[in-house]
> 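Below are the structure tokens for one structure; questions will follow.
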Amino acid sequence: MNHLQSLEAHSVFILREAYAKLGRLGLLWSIGKDSTVLLWLAKKAFFGHCPFPFIHVDTSYKIPEMIVYRDKVVADLGLELIVHQNKEALAAGMSPGNGRLVCCKALKTDALNSMTKTHGFDGLIVGVRRDEEGSRSKERVFSERNSSDEWDYTNQPPELWGQFKTDFPKGHHVRVHPLLQWSEIDIWRYIDAEKIPVIDLYFAKDGRRYRSLGCAPCTGRIRSEATTVPQIIEELSATTVSERAGRAQDQEDAYAMQKLRKDGYM
Amino acid sequence: MAGDMTEGGAREKLKLVFTGHVDHGKSTVIGRLLFDAGSLNDGAVAKVRRIAAETGQPFEFAHLLDAFEEEQKQGITIDTTQLQFRTEKRDYVIIDAPGHKEFLKNMISGASDAEAAFLVVDAERGVEEQSRRHAHMLSLLGIRQIGLVVNKMDLVRYDRKVFESVGREASECLAGLGLEINSRIPLSGLKGENVVRPSTRMPWHRGPTLAGALDGLKKSTSPAGRGLRLPLQAVYKFDDRRILAGRVESGRVKIGDRVLISPGRKTATVTSLAAWLDKDLKDEASAGESVGLMINEEFFHRRGDVVSLEDDPPLISDRIKASVFWMGRTPLKPRGRYKLKLASAEVEAEISEIDNLIDSSTLALAPKPARVGFNEVAQVEIRLQRPLALDLFSRHQGTGRFVLVDGHDVAGGGIVTWAEERSDIKFGFVHGELKARCEIFEEYYYNVDEMSVSKAAPERPLYTLGDRVPLTGASYRYPELFDIVIFRDRMAVLVRDGRVAGMLPLGEYSYQGAPLVNGRGFGVLVRSQDDWLKARADFEALTPANESELARRWLDFNTYRRIVIGGNDFQI
């Protein structure tokens with residue numbers, strides 16, 4: 001097996017473990033490249049079927065093309081999609097103007113947490129990767145969240161030999177991370193090898209492209225001439241700029257992501 | 001499977017872990033390695049620079065890995081990190097494992113799937129308690145490729161004698177565990193000597209730098225060369241295909257193979273390997289691959305079963321000995337009950353005996369301890385509630401290791417060192433030397449879609465005197481008091497108050513008035529000792545020619561058993 005094949009096989013193993021061991025399961029789909037690869041892996045794991053719903057936490061500030069693309073994929077693949085918004089916060093005027101971390105917490109973390117409770121999910125499959133940023137590099141594959149959706153990162157369970165923590169007190173839920181050991185360039189090489197369709201925003205227009213997708217006000221484009229997947233791979237092989245450099249919320253505080261993620265952020 | 005062999009996809013990737021005593025400088029060495037090799041992105045370096053400026057502290061290479069605020073403020077690694085690193089030769093995943101005793105479970109999480117390990121030892125302080133403990137864990141985790149990094153050489157004026165003395169000490173420690181050191185590197189993580197750049201201060205060192213030593217490591221030999229072990233994760237029936245899904249732990253499987261599925265010991269032929277996309281269809285799969293097997297038999301299989309080739313089966317056992325490392329807050333105790341998870345199987349387990357406690361520093365054995373505490377290692381004997389398909393760790397790692405769950409938490413890990421083979425008997429009763437097969441607790445389902453009858457093996461296939469038996473199932477119901485007469489093994493089993501109350505050879509059995517059931521769960525129409533002697537004589541003379549006549553004469557098919565009709569979702 002080559003490297004991509006072994007990454008794929010391991011992710012499929014994780015998805016099947018989650019389906020076998022967790023009760024109500026959902027897959028967080030952000031429209032981006034990582035969760036699109038997750039969708040593909042789920043199809044492989046379950047032989048063309050997707051035995052759980054997809055969830056999109058919509059902040060209402062997403063780049064408009066993302067929503068158009070989302071609805072098209074859902075229709076094309078016949079997916080069961082749950083869209084969730086923190087309507088109260090939006091009605092009260094929540095926006096990045098209130099402070100980026102405040103806004104992220106309200107429209108993403110709080111929305112995600114209330115969605116988890118409303119739908120009674122025991123497990124959420126999330127496409128985070130270790131190489132994205134520091135606190136994610138310390139994550140477990142099966143990562144427990146308590147009944148207040150908090151992550152106790154100072155006391156994570158042992159995880160060895162493909163044996164994940166699958167026993168939880170009632171009211172807790174598990175974040176399942178099948179892509180934890182993939183890197184950004186692995187994702188693109190896999191998209192290339194498998195010919196997986198991805199949203200156009202990743203390809204350069206007028207000398208700029210999105211490297212990481214998020215909310216329109218807080219996500220910047222990078223300078224790039226890459227208009228195809230192989231060109232993106234080539235560009236990434238040479239870069240020393242981090243993937244999330246265009247994500248403004250990360251830069252708010254040295255420990256911004258650790259703090260957001262402790263409260264339940266993905 | 002991703003079929004395209006792109007340059008990036010085909011590059012070799014090796015996972016290695018850095019272990020060692022707290023404060024011996026593992027994170028600094030790795031941070032320096034990544035920094036000097038230019039493997040860090042600007043964002044990560046800028047962030048550490050910014051934190052250094054904000055706190056007025058010097059730039060710390062370790063902070064490139066110790067991302068948590070608590071880790072940076074306390075100057076220790078709390079949890080394991082994985083980072084990617086590449087050389088001309090190949091890609092690496094570098095795992096930083098915490099050295100502090102409190103976080104041994106995090107060290108184990110990081111190290112458990114590494115192919116090689118570097119033990120980092122402080123030149124000034126030499127081998128310390130956690131160095132030894134980590135080395136012991138590496139031996140239990142089955143990691144055989146070990147390198148020695150003697151760090152902080154700048155503190156001992158780059159003295160060759162210090163390096164050699166620490167090397168001897170470490171070699172002795174590892175030799176006691178049956179481990180050998182493959183490479184030795186004197187270096188300074190802080191100053192960057194011998195990490196990527198060869199040191200001019202240690203011209204006496206003839207060996208490679210740390211970066212050079214990485215490329216000298218061997219990729220672990222693939223378990224594909226060994227016998228097939230494929231633990232089932234699930235049996236899927238999403239459409240008209242019935243797919244046995246799992247990951248090949250070792251060996252290979254191909255279409256046409258005769259396979260054995262344990263512990264039920266059912267044989268079948270592989271008819272195809274299922275896939276979503278046509279491009280992924282293939283004839284063969286080997287170790288590491290996640291597959292979907294389709295077979296030509298309709299027996300009931302479930303998560304936890306192990307597929308092997310017919311002539312190379314796993315052991316079937318409910319009594320094992322193991323070396324166990326304990327990570328639980330509550331000590332492991334004799335008679336303690338835990339959930340044991342081995343590959344995809346789960347079973348209730350009882351610690352029947354703690355044979356020895358092993359001192360990780362000296363490897364001395366303390367016999368019959370009253371408990372095994374946090375971070376301790378012991379040799380134990382375990383009873384499983386039902387037999388599992390498993391292997392000795394020395395033969396098959398994937399099916400020879402397990403974790404113990406205490407309450408909600410994974411509290412221990414273990415490797416199987418001995419197992420009592422129980423495959424001599426399939427399903428049934430055992431009492432001393434007496435054994436009898438029987439199928440009276442198996443469930444029969446008629447599957448409407450497939451027009452076939454499926455049989456499901458019971459949860460606990462072996463019963464002995466005093467055991468409660470499952471009197472009621474979906475497709476059968478027996479009284480509290482009855483006798484089972486098993487003609488093929490010439491044994492009788494007495495059930496009283498729902499428990500096995502006696503077992504004796506058929507020749508010594510006499511009719512006492514209890515209802516009679518045969519080995520398949522059908523009533524035997526016997527009302528007196530005379531009837532019994534006639535029935536016994538008839539069945540002893542059973543031939544294929546008189547089989548149906550005898551069945552009509554003696555058997556009652558309606559009282560105890562019925563067949564449950566099911567659709568696609570017929571599994572229980």
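Chain identifiers are assigned alphabetically (A, B, ...) following the order of the sequence lines, protein sequences preceding nucleic acid strands; residue numbering begins at 1 within each chain.
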> In terms of heavy-atom proximity below 4.5 Å to chain B, should A/P169 be classed as side chain, backbone, both, or neither?
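When you check distances to chain B, atoms from both the backbone and side chain of A/P169 fall under 4.5 Å.
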> What part of A/S11 gets closer than 4.5 Å to chain B, counting heavy atoms only: side chain, backbone, both or neither?
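Interface part for A/S11: neither.
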> Is it the case that the side chain of A/R221 and the backbone of A/R209 share a donor-acceptor pair, with hydrogens and angles ignored and the cut-off at 3.5 Å?
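No.
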> Please state whether the side chain, the backbone, both or neither of B/L277 comes within less than 4.5 Å of a heavy atom of chain A.
side chain
> In terms of heavy-atom pairs under 4.5 Å with chain B, which of A/E144, A/K43, A/E139, A/H10 leads?
A/K43
> Rounded to the nearest 0.5 Å, how far apart are OG of B/S344 and NZ of A/K21?
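Nearest 0.5 Å value for the OG-NZ distance: 9.5 Å.
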> Is B/V410 close to chain A through its backbone or its side chain, or both, or neither, when contacts mean heavy atoms under 4.5 Å?
both
> Could you tell me which portion of A/E17 (side chain, backbone, both or neither) has an atom closer than 4.5 angstrom to a non-hydrogen atom of chain B?
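The answer is both parts of A/E17.
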> As an exercise: rank B/A111, B/A245, B/G38 by heavy-atom pairs under 4.5 Å with chain A and give me the winner.
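Heavy-atom pair counts peak at B/A245.
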> Hey, is A/E159 close enough to A/K138 for a salt bridge, meaning N to O under 4.0 Å?
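Salt bridge: no.
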> Tell me which of these, B/Q233, B/K13, B/K339, has more heavy-atom pairs under 4.5 Å with chain A than the rest.
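It is B/Q233.
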> Any chance the rings of A/F168 and A/F142 have centres within less than 6.0 Å?
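Judged by ring-centre distance (under 6.0 Å), A/F168 and A/F142 do not meet the cut-off.
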> Under 4.5 Å heavy-atom distance to chain B, tell me which part of A/W188 shows up: side chain, backbone, both or neither.
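The answer is neither part of A/W188.
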> Quick one: do the A/D131 and A/S183 side chains pair a donor with an acceptor below 3.5 Å?
no
> I'd like to know whether A/E235 forms a side-chain hydrogen bond (donor to acceptor under 3.5 Å, both in side chains) with A/T239, so could you lay out the CA-CA distance, the side-chain angles of the two residues, the decisive distance to 0.1 Å, and finally the verdict.
CA-CA 6 Å; A/E235 175 190 289; A/T239 188; over 6 Å; no
> Is it the side chain or the backbone of A/Y19 that comes within 4.5 Å of chain B heavy atoms, both, or neither?
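Contact with chain B involves the side chain of A/Y19 alone.
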> Please check if the side chain of B/E289 supplies one atom and the backbone of B/S286 the other of a donor-acceptor pair under 3.5 Å.
yes
